[in-house]
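Report on the following structure.
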Amino acid sequence: MTDTVECVVIGAGVAGLAIARAIALKGHEVLLLEAEETFGTQTSSRNSEVIHAGIYYPSGSLKALSCVRGKTQLYDYCRRRGVNHRQVGKLIVATSNAQVGVLESYLEQGRSNGVDDLELLSAEQLLRMEPEVRGVAALWSPSTGIIDSHGLMLSLLGDFENAGGTLVTRSPVSSYKCLQDGFEINSGAGDQAVTLQSRWLVNAAGHGALPLAKASSQAYPAKNHYPAGHYFSYSGKPPFRHLVYPVAEQGSLGVHATLDLGGQMKFGPDVEWRDSLDYAFGDVDERLAYFEQRIRQYYPSLETGRLQPGYVGIRPRITGPGEPGADFVIAGSESHNIAGMVQLFGIESPGLTACLAIADQVVTRLVGNR
C-alpha cells in the first residue's frame, strides 16, 4: 500500500525545518523525512553559530538577498520565540596596510547589499574595542550576532508539529519519480522500505540533495565537494568581547574567533578539501600549528596550550578548490519544468542566518499564495 501526503520535504537541517514549518503554517499537510537519527546533525550543527550581516556576498545574489532579509527575520523570530541569541557584533581586522583596501571593498559591498550600519575603524578605535587584537584598521559590523542553533531548530520543529506537520527520522530517501500529478518517493530499505506519493516535493537534503536528484534521473552538471573546516575551543576566559575575523581567504572567511552563548570562545574554520563526508579531525598537531600561526597575526599574545581540538564541519559546496563560490541554488519549475518540486543545492553559509528567507522563497515557488 502506498501512503499519500500533500507535501514531502526531504532533509531536517535548519533549512528543511524552516521550509517544512512555512508550508505547514499555510495549512498544508507536510511530512518531513530525515535520514539520520534526529534533526540537524550535519551542517546545521557543525558551524560557527553566527548570525551574519550580509557583507561579503555579490550584489543581487540569493546569498546576499537571503542573508540580509533572513537576518532581520531571524532576530525577530528569536525575540518572539525566546530562542537564545545575542547581537554581539563583529570586527574584521586588517593586519597590514595592504589589507585596508580589502576592508574598504567590504564596506562598499556590504552597503550595496543593504547592510547600512558598517563602520571603518582606525587602529586606535580597534584597540579601544578589543585591547588584545592587533591591526592597522578594522570594519565594525554591529548587526552580526550569535545564536543557539539547536534551540532554533527545536523551535522551528515545535512550530512545524504544532501546525500539524510530522517529522520521521531514520528515513533516508533513495530516489523519487515524477508522476503525472505528483511524485513517488522511495524511502528506507529492506523491511523498512516505504513508498510515498505526494503532490509537492522539496529536496533540502544538504549533502544528499545532489546525489538524490541524480539518482532520480534529474540532470544537474554540478557535483558535491567537501571543504572540511576544523574548530578549536579556547581554554580559559575569552580575551574578546566581540567576534574577531581576519580578512577573508580564498574559499573561507579565515580562521576567526567566535563566542558562544555559554561564554566560551572557539577559533575556526580552516579549509581542507576532502574526498567524502568524513568528520574525522585528523592530525591535531599539524592543524594546531597552522591555527596558532594564523590566529597570532591578529592576536599575538595567544598562549601555547590554550587551543583544544573541537569538531569538524563540512559545507555542502557545489564548486571545488580554486573555483569561485557558488550562489545558493533554489530550483523551482522555472528551472527544471517540473511543477510542484523545489530542489536546493549548495545551501552553505549563510544558510543558518538565511533559513527563514530561504523558506519564504521555497513557499513562493511551490505554493504561491495558496
Side-chain angles (χ1 to χ4, degrees), residues 11-22 25 32 34 36-54 66-90 141-163 165 167 169 204 206 229-238 240-245 253 256-269 279 308 310-316 347-359:
V14 70
L17 285 163
I19 292 164
R21 167 189 176 270
L25 286 174
L32 178 57
E34 169 55 45
E36 304 297 332
E37 293 187 1
T38 189
F39 59 87
T41 61
Q42 293 189 0
T43 309
S44 299
S45 60
R46 293 173 172 269
N47 56 71
S48 299
E49 295 189 301
V50 171
I51 300 176
H52 290 285
S66 300
C67 184
V68 174
R69 186 179 300 123
K71 171 187 63 178
T72 300
Q73 290 177 292
L74 190 55
Y75 276 129
D76 180 64
Y77 180 83
C78 289
R79 286 190 290 266
R80 289 187 292 106
R81 302 290 290 141
V83 176
N84 201 4
H85 71 289
R86 186 153 55 98
Q87 192 171 322
V88 67
K90 174 173 81 172
S141 171
S143 65
T144 301
I146 53 177
I147 187 170
D148 174 4
S149 59
H150 185 73
L152 171 63
M153 289 189 284
L154 275 176
S155 183
L156 294 172
L157 177 60
D159 292 346
F160 169 63
E161 292 180 335
N162 287 338
L167 167 66
T169 58
H230 299 77
Y231 291 86
F232 280 84
S233 61
Y234 180 86
S235 176
K237 182 180 178 181
F240 308 148
R241 295 185 296 115
H242 309 93
L243 311 187
V244 179
Y245 282 53
L253 299 183
H256 50 263
T258 56
L259 304 167
D260 66 26
L261 293 159
Q264 301 301 306
M265 188 171 72
K266 61 179 175 285
F267 287 95
Y279 290 109
Q308 306 297 324
Y311 57 93
V312 171
I314 301 178
R315 297 183 177 200
I347 308 298
E348 53 170 331
S349 181
L352 176 64
T353 304
C355 66
L356 296 175
I358 290 170

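Excluded from the calculations below are hydrogen atoms, water molecules and symmetry mates; all remaining heavy atoms, backbone and side chain alike, are included.
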So, do [X] and [Y] sit near enough that their side-chain heavy atoms are less than 4.5 Å apart?
X      : Y      : answer
Phe267 : Tyr231 : no
Asn47  : Ser349 : no
Leu156 : Tyr77  : yes
Met265 : Lys237 : no
Ser44  : Met153 : yes
Leu74  : Ile147 : yes
Arg21  : Leu157 : no

For [X] versus [Y], what's the shortest heavy-atom pair and its separation?
X      : Y      : result
Gly89  : His242 : O-CB, 3.6 Å
Ala354 : Cys67  : CB-N, 4.0 Å
Pro238 : Gly263 : CG-O, 3.2 Å
Leu32  : Ala12  : CD2-CB, 3.9 Å
Ser141 : Ala53  : OG-CB, 3.4 Å
Ala359 : Ala22  : CB-CB, 4.0 Å

Can you tell me how far [atom2] of [Y] sits from [atom1] of [X], rounded to the nearest 0.5 angstrom?
X      : Y      : atom1 : atom2 : result
Lys266 : Gln264 : NZ    : CD    : 10.0 Å
Arg86  : Asp148 : CZ    : CG    : 13.0 Å
Leu167 : Phe160 : CG    : CZ    : 7.0 Å
Asn84  : His150 : CG    : NE2   : 13.0 Å
Arg241 : Leu259 : CZ    : CG    : 10.5 Å
Ile146 : Leu261 : CD1   : CG    : 4.0 Å

Are the side chain of [X] and the backbone of [Y] linked by a donor-acceptor contact shorter than 3.5 Å?
X      : Y      : value
Glu34  : Glu36  : yes
His256 : Gly268 : yes
Asp76  : Thr72  : no
Thr353 : His52  : yes

| said: Side chains of Tyr311 and Ser45 only: does a donor on one sit below 3.5 Å from an acceptor on the other? | reply: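 Looking only at side-chain atoms, Ser45 and Tyr311 do not form any donor-acceptor pair under 3.5 Å.
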
| request: Check the side chains of Ser149 and Glu49 for a donor-acceptor pair under 3.5 angstrom, ignoring hydrogens and angles. | output: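 Side chains of Glu49 and Ser149: pair found under 3.5 Å.
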
| message | Could you go through Tyr279 and Gln42, starting from their C-alpha distance and side-chain angles, then the distance that decides it, and tell me whether this counts as side-chain contact (heavy atoms from CB on, under 4.5 Å)? | response | CA-CA 9 Å; Tyr279 290 109; Gln42 293 189 0; 3.5 Å; yes

| field | Lys90 to Tyr245 six-membered ring, cation-pi geometry met (6.0 Å, 45°) | value |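 Because its charged atom sits under 6.0 Å from the ring centre and within 45° of the axis, Lys90 does stack over Tyr245.
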
| said: Please identify which of these residues, Leu152, Leu17, Ile347, meets the side chain to side chain contact (heavy atoms under 4.5 Å, CB included) condition with Cys355. | reply: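 Considering Leu152, Leu17, Ile347, a side chain to side chain contact (heavy atoms under 4.5 Å, CB included) with Cys355 is found only for Leu152.
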
| request: Check the pair Val50 / Leu243 against side-chain contact (heavy atoms from CB on, under 4.5 Å), numbers first and verdict last. | output: CA-CA 9 Å; Val50 171; Leu243 311 187; 3.9 Å; yes

| field | Full working for side-chain contact (heavy atoms from CB on, under 4.5 Å) between Phe39 and Leu154 | value | CA-CA 9 Å; Phe39 59 87; Leu154 275 176; 3.6 Å; yes

| side-chain contact (heavy atoms from CB on, under 4.5 Å) assessment of Tyr75 paired with Gln87 | CA-CA 9 Å; Tyr75 276 129; Gln87 192 171 322; 3.4 Å; yes

